[in-house]
Amino acid sequence: MTLAMLIFAALTEGIRAVQRSGREGFAFGHGRRPLLQPQHRGGRGGGPRVVRSAAADGQAVAVGPVQTTEAEVKTPAAAGRRSAAVVQTAGGTKESGVKEAPLDLNPPRGTRDFFPDDMRLRNWLFDKWRRASELYGFEEFDAPVLESEDLYIRKAGEEVVGQLYCFADKGGRRVALRPELTPSLARMVLAKRGQLNMPIKWFAIPQCWRYERMTRGRRREHYQWNCDIWGVGEVTAEMELLSCIVRFFESVGIGSDDVGIKVNNRELLREVLHKNGVPDDRFAAVCVLIDKLEKVPLDHLRDDFRALGVEGSQLDSIAASVRADQTVDDVAQLVGEDSQAVKHLRDVFDMADAYGIADWLVFDPSVVRGLAYYTGVVFEGFDRAGELRAICGGGRYDTLLEMFGGEPIPAVGFGFGDAVVVELLKTKGLLPDFADTSVADAVVWPLAGGDETSTVQQAAGRVATRLRQSGLKTDVILENKKSKWVFKHAARVNAGVLVVIGADEVAGNEVTAKRLCDKEQQRVTLDGTHLEDLAAEWAMGEGG
Ligand code: HAM
């Protein structure tokens with residue numbers, strides 16, 4: 001019996017208990033932690049030294065591990081003109097090159113750290129989004145998180161414009177962290193106009209930044225699944241998008257009893273505005289104000305409407321036409337059956353039957369959405385319990401390209417944030433359980449000390465490389481560790497097999513493989529692929 005085998009025999013009885021406790025520990029932490037929530041709330045202990053400097057133009061610039069503060073992002077000039085690196089000490093600030101104030105260990109307010117448990121959930125969600133997108137034939141794309149500020153400056157009074165994280169870069173260019181992806185997409189389409197095959201069906205999962213008042217499910221950064229179709233003016237495009245959203249919900253166990261999608265057509269409002277003598281150039285701004293009616297009483301918005309030339313009985317008539325309890329027939333009576341807006345809406349509801357998503361859709365003329373660029377059908381996902389803010393939202397924006405100076409191309413899409421849906425999944429008990437996730441299939445343990453250490457470590461490296469090349473997730477014990485530690489570690493990473501290499505094994509061109517779920521262990525020759533085959537088989541078993 002080799003040394004490795006002796007150690008195995010002695011420890012075998014404890015392996016199951018160690019694996020159990022390792023899993024329970026993981027499950028316990030996972031279950032307690034608010035996932036996709038800020039959770040790293042360390043104290044203000046002494047932390048790494050932080051150096052903050054100022055650019056020649058007075059912009060605060062980060063040097064080393066530093067985060068620009070909210071005040072600096074909002075008003076860069078507030079940082080003042082400083083020519084040298086600044087040292088902050090417990091007693092204050094002095095000009096000498098090093099800052100020693102303790103580092104705040106929290107991520108900036110409204111942002112999140114993603115520890116491995118959180119990443120598991122994030123990746124799971126992204127995977128569901130990717131699968132739904134790919135199922136509908138969307139191709140993935142991305143754009144920079146930092147864009148020119150101009151891309152977002154619109155004058156219709158949208159909340160999102162006031163929530164920009166924007167600043168001047170070192171070259172004095174005004175830039176912004178993207179609050180949404182749609183303007184970047186429009187920029188990209190415009191840049192390649194004439195070269196792209198229409199229709200474009202693209203999806204992305206960008207991180208978006210908004211300096212937002214934080215409520216349940218609303219944060220200052222969020223990931224937002226986007227699917228957009230360009231080049232199609234028919235409601236067939238809306239149907240694909242709505243159906244794609246529903247497929248995603250179904251894939252995570254959410255049904256039409258839990259969630260609905262409110263649908264409206266902004267063209268209806270345009271027709272109502274025409275009837276009330278409101279000129280077309282006020283349309284976008286009026287839509288933004290109507291969107292606010294959900295949260296703000298009409299009387300508080302009268303001044304804002306008046307500023308747009310909408311007041312008195314004219315305003316009351318417009319407000320009445322967007323009451324949530326109106327049916328499509330009510331609205332058709334108001335604007336006439338020959339209205340194109342009504343026709344498009346009826347088309348959506350008729351096709352919803354064919355797509356099998358009729359249970360999900362609800363007509364709601366009060367939904368106009370807060371972004372100025374929407375032109376036609378708009379929609380918003382909501383939880384039927386009424387506890388959460390909008391789960392997702394989108395619509396048609398046929399004129400956005402024109403706003404950037406291009407020829408108009410019909411376009412429609414949606415954005416779907418990660419935060420609200422995770423709240424919903426949590427409430428419904430639908431969050432996946434990652435307790436049995438295996439970080440490694442196999443753990444390789446070089447077991448030697450003294451003169452043989454280096455030889456045995458090299459042999460372990462060779463074996464780990466072989467296992468990895470065969471496709472097994474393989475972890476290597478990197479330092480000299482006691483067997484108790486190794487078994488505990490193997491249980492924590494949920495490995496199925498431990499591969500031990502001592503001096504005897506090296507001499508015999510062998511390893512000792514141990515299946516971690518029971519007592520079985522074998523000496524395996526390194527000739528051929530016996531080890532890879534056995535490790536794969538054992539990794540598949542319990543714990544693999
Ligand atoms: P949006 O309604 O501003 O639309 O955002 C879409 C979704 O992103 C929301 O329904 C919500 O799920 C999520 N979201 C937005 N802001 C936050 C926040 N502060 N914290 C957490 N989640 C948030 C747009 O952004 C459009 N660009 C979507 C679109 C794409 N329209 C056409 N194509």
Side-chain angles (χ1 to χ4, degrees), residues 36-38 109-112 122 125 129 133 138 141 143 147 151-152 154 156 158-165 177-189 200-230 232 237-238 240-242 244-245 248-249 259 261-262 264 266 287-288 291-292 294 367-383 388-401 403 409-425:
L36 289 186
Q37 292 284 336
R109 190 170 155 70
T111 70
R112 297 165 289 183
R122 189 173 114 183
L125 180 66
W129 280 343
S133 311
F138 287 86
F141 79 104
E147 284 275 14
L151 205 57
Y152 307 111
R154 301 184 290 253
E158 293 156 282
E159 228 176 10
V160 72
V161 176
Q163 295 169 338
L164 276 185
Y165 275 90
L177 299 181
R178 64 181 165 208
E180 55 161 337
L181 188 65
T182 314
S184 302
L185 172 58
R187 177 179 62 68
M188 289 167 68
V189 171
I200 292 166
K201 287 175 68 180
W202 289 357
F203 83 95
I205 308 176
Q207 191 182 32
C208 298
W209 294 81
R210 300 181 185 187
Y211 195 84
E212 171 130 39
R213 201 174 62 82
M214 292 203 304
T215 54
R216 191 173 173 207
R218 280 291 182 278
R219 332 198 45 77
R220 293 195 173 154
E221 56 69 30
H222 70 281
Y223 285 90
Q224 194 191 92
W225 174 38
N226 278 246
C227 285
D228 290 85
I229 302 179
W230 284 67
V232 179
E238 275 87 337
E240 285 286 300
L241 293 165
L242 290 165
C244 183
I245 291 173
F248 160 75
F249 279 131
V259 163
I261 305 177
K262 296 175 186 171
N264 186 23
R266 268 195 182 191
C287 284
V288 170
D291 179 65
K292 291 187 179 157
E294 200 199 342
V367 170
V368 291
R369 313 236 331 110
L371 295 164
Y373 50 68
Y374 290 118
T375 52
V377 171
V378 283
F379 46 88
E380 220 163 71
F382 68 101
D383 75 304
L388 301 166
R389 288 187 57 178
I391 304 171
C392 59
R396 181 163 281 284
Y397 52 102
D398 288 348
T399 55
L400 183 58
L401 221 54
M403 287 161 62
I409 300 179
V412 55
F414 67 79
F416 192 133
D418 60 346
V420 182
V421 76
V422 166
E423 287 292 318
L424 182 69
L425 291 166

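Because the structure is predicted, anything quoted here is derived from the model rather than measured. Whatever order the structure lists ligands and atoms in, that order sets their numbers, starting from 1.
Under the 4.0 Å criterion applied to side-chain N and carboxylate O atoms, Glu180 and Arg369 are not assigned as salt-bridge partners.
Atom-to-atom distance recorded for Leu185:CG and Trp202:CH2 is 6.5 Å, nearest 0.5 angstrom. Between atom CG of residue Asn226 and atom SG of residue Cys208 there is a gap of 6.5 Å, rounded to the nearest 0.5 Å. Note: Trp129 CH2 to Phe248 CZ = 6.5 Å, rounded to the nearest 0.5 Å.
Between Phe249 and Phe416, the ring-plane angle classifies as tilted under the 30° and 60° cut-offs.
Here atom 3 (O) of ligand 1 lies nearest to Arg210 when heavy atoms of Glu180, Gln224, Glu159, Arg210 are compared. Around atom 31 (N) of ligand 1, the closest heavy atom drawn from Trp225, Tyr374, Phe379 belongs to Tyr374.
Residue Ile391 has at least one nitrogen or oxygen atom sitting less than 3.5 Å from a nitrogen or oxygen atom of ligand 1, judged on distance alone. The distance criterion of under 3.5 Å between nitrogen or oxygen atoms is met by Thr182 with respect to ligand 1. Between Val420 and ligand 1, no pair of N/O atoms sits closer than 3.5 Å. At least one N or O atom of Arg369 sits closer than 3.5 Å to an N or O atom of ligand 1.
Using a 4.0 Å heavy-atom cutoff, Tyr373 is listed among the residues neighbouring ligand 1.
Heavy atoms of other residues, nucleotides or ligands lying less than 6.0 angstrom from CD of Gln207 number more than 12.
Atom 18 (C) of ligand 1 has its closest protein heavy atom at Arg218 CD, 3.3 Å. What sits closest to atom 28 (C) of ligand 1 on the protein, heavy atoms only, is Gly415 N, 3.4 Å.
You'll find the side chain of Val160 reaches within 4.5 Å of the side chain of Arg154, heavy atoms only.
Under a 4.0 Å criterion applied to the non-hydrogen atoms of Gly217, ligand 1 contributes the atoms 20 (N), 21 (C), 22 (N).
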